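Before any comments, here is the structure.
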Amino acid sequence: MATDQYAFTNPAEMYSDFEPSAQYQEGAGLDANLRDKADLGEDTYRGTGRLEGRKALITGGDSGIGGAVAIAYAREGADVAISYLPEEEEDAQRIVSLIEAAGRTAVALPGDITDAAFSRELVATAVEKLGGLDILINNAGKQQFHEDILEISDDEFDATFKTNIYAMFWITKAALAHLKPGSTIINTSSIQGYSPAPHLVDYATTKAAINTFSKALAQQLAPKGIRVNVVAPGPIWTPLQTAGGQPTDQLPDAGSQTPLGRWGQPAELAPAYVFLASGESSYVVGETLNVNGGMPTP
Ligand code: NAD
Ligand code: MG
């Protein structure tokens, strides 16, 4: 199922054998438990030294998009700290092994980022164990579908905002004490920020807020030499989708709404995060790079 992104290939036909079945996981969900395996670029991503010697912290770096970014960053020459929930240790250890196999330092940081004190401690530990920090990827996210707003409890609404917005705010503030000119922050938004689905009211709202937060902060930090940008994925096959992110019966077809007519894979996201972290994007500030199979965005 691994597809070589370096080969000349029709993108509408890539992963054409990938047709996930309807499936559900409790809790955060694991890559290890996906019945249809996601492609994180394990067999394909080729580094070319674009992040040599850099030090990165990736929230939600155990699986899905964050896992693919962790693999790519290590192969580009970066040391990588990943944050994740304790229940995701199995996925995290697999990514740690892949980072180490690339000859880089891996730091595993289990804990709940909806806790402000933990979010700050997470940054402090990453900085201590990596010996500094110059790339911050706010990528952890909570997405639970509800057909009716009356089904969203106040506690769940709060947890979605704590995970997607407050943690990004806490972690970014803590990181800024360490980020030197040349550093980059990349936040993960979504097509949901522009084209909200009726069953993702709370989640979609956080994703629009991430875009706006990032565009404001990008202007504030640019004079200090720190670039802030955003990646906005479309439908990507990850554990979050199978853990209540979408109605289970809609999973097989969720990619068909895109012009490419298929699900995206985490491996297809990693190069966007590499570009925005590396000096190649030195004049790209406050941008949202959409990686969504062709769905129009503002
Ligand atoms: P994923 O499940 O692999 O990653 C999400 C990660 O968030 C989890 O691995 C978990 O470690 C972390 N997380 C969630 N709650 C946490 C908490 N309280 N404390 C610490 N960590 C926590 O799924 P993914 O799809 O790769 O998600 C990564 C990002 O991409 C999310 O921000 C998501 O909203 C965004 N996104 C995904 C899609 C998609 O189709 N998969 C589309 C658009 C945006
Ligand atoms: Mg995970």
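Note that the coordinates shown come from a computational prediction; the quantities given were computed from them, not determined experimentally.
Side-chain atoms of V123 and T125, non-hydrogen and from C-beta on, never get closer than 4.5 Å to each other. For the pair I71 and E42, the minimum side-chain heavy-atom distance is below 4.5 Å. The shortest side-chain heavy-atom distance between K55 and I135 does not fall under the 4.5 Å cut-off. Y24 has its side chain out of reach of T242: every pair of non-hydrogen atoms, C-beta onward, lies at least 4.5 Å apart. Side-chain contact check for L136 versus T172: some heavy-atom pair is nearer than 4.5 Å. Within the 4.5 Å cutoff, no side-chain heavy atoms of L289 are placed close to those of V230. Contact check for I137 versus Y73: side-chain heavy atoms found under the 4.5 Å cut-off. Residues W237 and Y15 form no side-chain contact, since every pair of their non-hydrogen atoms from C-beta on lies 4.5 Å or further apart.
More than 12 non-hydrogen atoms from other residues, nucleotides or ligands lie less than 6.0 angstrom from NZ of K215. The neighbour count for F157 CZ, taken as heavy atoms of other residues, nucleotides or ligands under 6.0 Å away, does not exceed 12. Taking a 6.0 Å sphere around CD of E147, one finds it holds more than 12 heavy atoms contributed by other residues, nucleotides or ligands. By the neighbour-count criterion of 12 heavy atoms within 6.0 Å, atom CD of Q257 is densely surrounded, having more than that number from other residues, nucleotides or ligands. Residue D148 qualifies as enclosed at atom CG: its count of foreign heavy atoms under 6.0 Å is above 12. Within a 6.0 Å sphere centred on CZ of F161, other residues, nucleotides and ligands contribute more than 12 heavy atoms.
Side-chain N or O atoms of K207 include none that pairs as donor or acceptor with a backbone N or O of Q192 at under 3.5 Å. The main-chain N or O of R35 is found under 3.5 Å from a side-chain atom of Q23 such that the two form a donor-acceptor pair. The closest donor-acceptor contact from the side chain of R262 to the backbone of G293 lies at 3.5 Å or more, if one exists at all.
No single ILVMFWY cluster, assembled from side-chain heavy atoms under 4.5 Å apart, contains both I171 and I82.
The residues E156 and K162 are annotated as not salt-bridged, no charged nitrogen and carboxylate oxygen being separated by less than 4.0 angstrom. Taking the charged nitrogens against the carboxylate oxygens, R104 and D79 do have a contact shorter than 4.0 Å, which makes a salt bridge.
Think of M295 as one node in a network of Ile, Leu, Val, Met, Phe, Trp and Tyr side chains linked at under 4.5 Å; its network also takes in I191, Y194.
A cation-pi contact links R46 to Y6, judged by a cut-off of 6.0 Å to the six-membered ring centre and 45° from its axis.
Here the rule is side-chain hydrogen bond (donor to acceptor under 3.5 Å, both in side chains) with N164, and of N138, T188, T206, T114 only T206 fits it.
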Candidate pair Q5 and Y45, rule side-chain hydrogen bond (donor to acceptor under 3.5 Å, both in side chains), full reasoning: CA-CA 8 Å; Q5 289 176 281; Y45 191 88; over 6 Å; no

